[in-house]
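Working notes, structure below.
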Amino acid sequence: MNRTEFMKLAFGASAALFSTRSFGLNFRPASSYDGPFTLPPLPYAYGALEPSIDKMTMEIHHDKHHQGYVNNLNKAIDGTPMAKMSLDDIVKSVDNKTSAAVRNNAGGHWNHSFFWKIMGPNAGGAPTGALAAAINKKYGSFDNFKEEFTKAATGRFGSGWAWLIKDGNNLDIISTANQDNPMMALAEKKGTPIMGIDVWEHAYYLKYQNKRADYIKAFWDVLDWNTIGKNFS
Ligand code: MN3
C-alpha cells in the first residue's frame, strides 16, 4: 500500500464527511436525519404472524417501507415547526395545503405504527366487552361486521387502507387512499382508528400476489382484539 492509498483508507470517510458538511450546498449534519421520529421495533418476531403474513413480507414492510416513511418524514419536517410536534398532532393538522411529503410520510409512519400493534401471534377470534356490544349494535353481528369491513378493504382501488373508526361512541367502516388517515383534517369522514388493514400491494404481494381477498381473509387470524378493544375504550 502506498502513502496515497493509506491516506485514502484512513481519512477518506472523515474527509468526505468534512467536505459535505463544510462545502455542500445543503449544510446538514448527518445526525439531523435521525430525529425526531424513529422506527418503533416490531413488537413480535418477523415470522410470528405466519402463516397469515409471511416473514419476508414483515421484514421488508417494517424495515424498508416503514423506515422509509420515518426517514422521509424527518426530512420533510426538518427545520419547520412540525419538528417539535407530536406525530398525532402532525397527522391531525394535514389539510389540502399540506405538502405531499408530510401528508404521505406522517400518515405512513402513524398508520404502520398502529398496524403492527393491532396484530399479534396467538391472536384472532372475536372482540369482547364494550367493543363487541358496539359492533353488534351497529352491524347486527360480528360476521356482518367482517363482511362490511372486507368489502371496504377489497373495494379500495389501488393503494390505501380500510379502517374501523369511532366518532364518540359511533362506529364506522371507511377506507382511505395512499397513506391518508381518518384523523387528518382533510378526511371526508373523520374518526379515531380502532383497527385497520394496509391493502397496499407491498403488504401482501410476496405471498398472495394479486389475491388481495385471500390476504384480507387471513388477516382476521392475527388480529389482537385485546389491543383493539383498548383502542375503543
Ligand atoms: Mn404498508
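All values derive from a computational prediction rather than experimental measurement. When a ligand or atom number is given, it counts from 1 through the structure's own listing order.
In terms of the ring-ring contact (aromatic ring centres under 6.0 Å, His included) criterion, residue partners of Tyr69 (sequence neighbours excluded) are, by chain and number, His112. Considering only residues two or more places apart in sequence or on other chains, Asn122 meets the side chain to side chain contact (heavy atoms under 4.5 Å, CB included) condition with none of them.
Heavy atoms of other residues, nucleotides or ligands lying less than 6.0 angstrom from NZ of Lys55 number 12 at most.
At least one N, O or S atom of His61 sits under 2.8 Å from the Mn ion (ligand 1). Because the distance cut-off is set at 2.8 Å, His202 qualifies as a neighbour of the Mn ion (ligand 1) through one of its N, O or S atoms.
Between NE2 of His112 and OD2 of Asp198, the angle at the Mn ion (ligand 1) works out to 100°, rounded to 10 degrees.
Under a 4.0 Å N-O distance rule, the pair Lys190/Asp167 does not qualify as a salt bridge.
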